[in-house]
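The structure appears below as structure tokens.
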Amino acid sequence: MIIENQDGKWKKSKTTLIRRNCSIPLEHDKGQDFEMMLGMYDGDFAMIHENENSVYAAVDRIRSIPVFYMCYNHVFYISDSIVALALKRETIACNQRAVRELKEAAYVTGHETLIADIYSLLPGEYIRYDKAANTYQVKEYFDYGKAKPILQTESELIERMQGLHSTVFRELIDDVGGRQIVIPLSGGYDSRLILHMLCTLGYKNIVCFTYGKEHNAESAVSKRIAGTYRVPWKFVRYTPEKIKRMMQSEGYKNYLCMSCKGISASHIQDFLAVAELKEKGLVEEDAVFVPGHAYDFLAGTHISNGLSGLGEMVSKQMVTSEIITKHYTHIKRREKGREEWISKELGEEAAFHNSVGMYHFWEWKERQAKYIANSVRVYEYFGYEWKLPFWDRRLIEFWDRISVELRKDRFLFLQYMEKIGLKSDSSNDRKFAGARSRIPFRVRMFLYRIKDLMNNPLEFYSVFNLREKLQFLSGIWDFQEKIVEDDLKYFFEAVRIEEDRNV
């Protein structure tokens, strides 16, 4: 085992290593089945357990703390650092397929990484290494998108959701133990719900922040919401000069190398904001960041008319087409065989009750786990702890069993928000979401690019020249590709190999 533990986040007992952002026991019960034990754990964790015959390693249900593995020269390695594993090898080969996919989608799918023969566990998985046989097997202890819907009324489901929220946030408060909770408060519902739950349960040590161009619409909403709850609110202004300095700094380079982890494009939106909050002492040293990832996904924002219109029919072909259209958008030329690769990752149609479930299964284990959840690396880089309360097992299981009709356009969620006083007219919001979803995806993306170029709240496109701006509008190139280019450059520098620039 090679564990990067300079910050002391991994805790060790006689037989077990656990890194956790939740309250779970450190020692594995020898009389309990390992998979059964994992099924009972909640929260954010990674675990490595060793006994006389085997070594086990597991990640949580959203892979919030990645674990990598390889078998090299007849030795089995497990680590939380892909760089550490790569440097154990005499020769290091770039995985060209993974590089192409990172450029297309901003993350690498399946177990593969940017380094050939080094792999990563997917969410809800564990690996067992048999010492005597020198073999390993990867198994699922949890999956998503395959549950049968609950037959309950809307009011019963809302009441149950409310109870789950109270339980999850009470446990979060107990686990934080009085430390300052920092909420990245946007104008959206997810972060607003976090603030509401904490204040409703009486937690006092809270600070909210947002960032971007001065007077941007999201920051105005964020400030108003924080004021409603009488919670301190910080705003970090982004300017073209700050963006340029950031992208040229050594700290930014180090962050990209640490954040990419051979799997994902780095999340840089928060980087300037968290850096400034820390530099100016605007948040406490032992603060805990609690972002709203990714309740919109669980509650149904990503359900399209095309897939929901299929009812109980399961069409792998349509799901594959939707995945490619929505997620492989960052370069014009896609790799041949992409459809076959995705189809293989989706598995058998018979495992799902509808096409929406199949699509959600893929997005959960790929985009949400590798790209969205990976955004917490920015808090780690600056030395802060984080928590993802909406990826609690009980909430995931609850939403997995809500019908497509009640999740589409977040209908049930918005009904709940209205009940607790955080939404004045959910019917209008649902109508707007429905109208937006009827616009063809490519048209919506073009309109979004125009809006983003003219009024990007983060000022990112202000650093582009005219040619790059025209390429962005035409869909040839965007800011994400710039991040991926830098991710690849600095990651391969760290593992001391040259990327093939022709890939």
Flag for Y328-E101: side-chain donor and acceptor within less than 3.5 Å: yes

Side chain to side chain, N374 and V376, heavy atoms closer than 4.5 Å: no

Intermediate values then yes/no, side-chain contact (heavy atoms from CB on, under 4.5 Å), M258 and E380: CA-CA 10 Å; M258 169 265 195; E380 287 181 11; 3.7 Å; yes

Plane angle bin for F209 and F289 - parallel if under 30°, tilted between 30 and 60°, otherwise perpendicular: perpendicular

Minimal non-hydrogen separation, V484 against A265, with atom names: CG2-CB, 3.7 Å

Atom pair CZ (F68) and OG (S79), whose distance is rounded to the nearest 0.5 Å: 8.0 Å

Qualifying residue for salt bridge (charged side-chain N to carboxylate O under 4.0 Å, His left out) with E397, from R394, R393, R401: R393

Test of ring centre spacing under 6.0 Å for Y141 and F34: no

Any side-chain donor near an acceptor of the partner, Y384 and D286, under 3.5 Å: no

Given E385, E284, E285, the one that forms salt bridge (charged side-chain N to carboxylate O under 4.0 Å, His left out) with R179: E385

Test item: side-chain donor near acceptor, H267 and S259, under 3.5 Å: no

Any side-chain heavy-atom pair of R377 and P66 under 4.5 Å: yes

Ring centres under 6.0 angstrom apart (F361, F352): yes

E112 with K370: basic N within carboxylate O range, under 4.0 Å: no

Heavy-atom check, side chain of R367 versus side chain of Y107, under 4.5 Å: yes

Side-chain H-bond candidate by donor/acceptor type, D60 with Y41, under 3.5 Å: no

Side chain to side chain, V176 and L172, heavy atoms closer than 4.5 Å: yes

Distance-only polar pair, side chains of W386 and D44, donor-acceptor under 3.5 Å: no

Least distance between heavy atoms, F390 atom then D190 atom: CE1-O, 3.5 Å

Contact summary for I263 and L102, nearest pair of heavy atoms: O-CD1, 3.5 Å

Between E156 and T153, a side-chain donor and acceptor under 3.5 Å: yes

Side chains of H165 and L193 in contact at under 4.5 Å (non-hydrogen atoms): yes

Donor-acceptor contact below 3.5 Å, side chain Q180 vs main chain V288: no

Heavy-atom pair of closest approach, residues C260 and L114: SG-CD1, 4.2 Å

Face-on cation placement of K326 at Y359 ring, 6.0 Å and 45° thresholds: yes

Non-hydrogen side-chain atoms of N95 and V99 separated by less than 4.5 Å: no

K131 atom NZ: more than 12 heavy-atom contacts under 6.0 Å: yes

Pairing of D143 and K365 as salt bridge, 4.0 angstrom limit: no

Residue among T135, N134, N53 satisfying side-chain hydrogen bond (donor to acceptor under 3.5 Å, both in side chains) with Y129: N134

Greater than 12 external heavy atoms within 6.0 Å of Q317's CD: no

Derivation and outcome, side-chain hydrogen bond (donor to acceptor under 3.5 Å, both in side chains), residues R338 and T320: CA-CA 9 Å; R338 180 66 66 219; T320 300; over 6 Å; no

E250 CD to K253 NZ distance, which is reported to the nearest 0.5 Å: 5.0 Å

Heavy-atom closest contact (V67 atom, A57 atom, distance): CG1-CB, 4.2 Å

L412 vs M161 side-chain heavy atoms within contact, under 4.5 Å: yes

Residues S186 and R192: side-chain donor-acceptor under 3.5 angstrom: no

Residues that M318 engages under side-chain contact (heavy atoms from CB on, under 4.5 Å), provided they are two or more places apart: L307, L310, S315

Proximity of F297 and H360 rings by center, below 6.0 Å: yes

Between S266 and D487, a side-chain donor and acceptor under 3.5 Å: yes

Nearest-0.5 Å distance, CG of residue L17 to NE2 of residue H49: 11.0 Å

Reported SG-to-CD1 distance for the pair C199 and I206, which is rounded to 0.5 angstrom: 4.0 Å

Sidechain N-carboxylate O distance under 4.0 Å for D486, K489: no

Heavy-atom pair of closest approach, residues R407 and L298: CD-O, 3.6 Å

Pairwise distance CD1(I420) to OG1(T200) - rounded to 0.5 angstrom: 7.0 Å

Pairwise distance OH(Y379) to NZ(K387) - rounded to 0.5 angstrom: 14.0 Å

T113 vs I118 side-chain heavy atoms within contact, under 4.5 Å: yes

Qualifying residue, where the test is ring pair (Phe, Tyr, Trp, His ring centres under 6.0 Å) with Y295 and the options are F413, Y416, Y189: F413

Distance-only donor-acceptor check, side chains E125 and H111, under 3.5 Å: yes

Other residues, nucleotides, ligands: >12 heavy atoms within 6.0 Å of E140 CD: yes

Set of residues satisfying ring-ring contact (aromatic ring centres under 6.0 Å, His included) with respect to Y69, sequence neighbours excluded: Y119, Y136

Listed once per pair and sorted, the side-chain hydrogen bond (donor to acceptor under 3.5 Å, both in side chains) pairs that draw on residues 339-353, sequence neighbours left out: T109-W341

Cationic tip of K278 above F382 ring, under 6.0 Å, 45° of axis: no

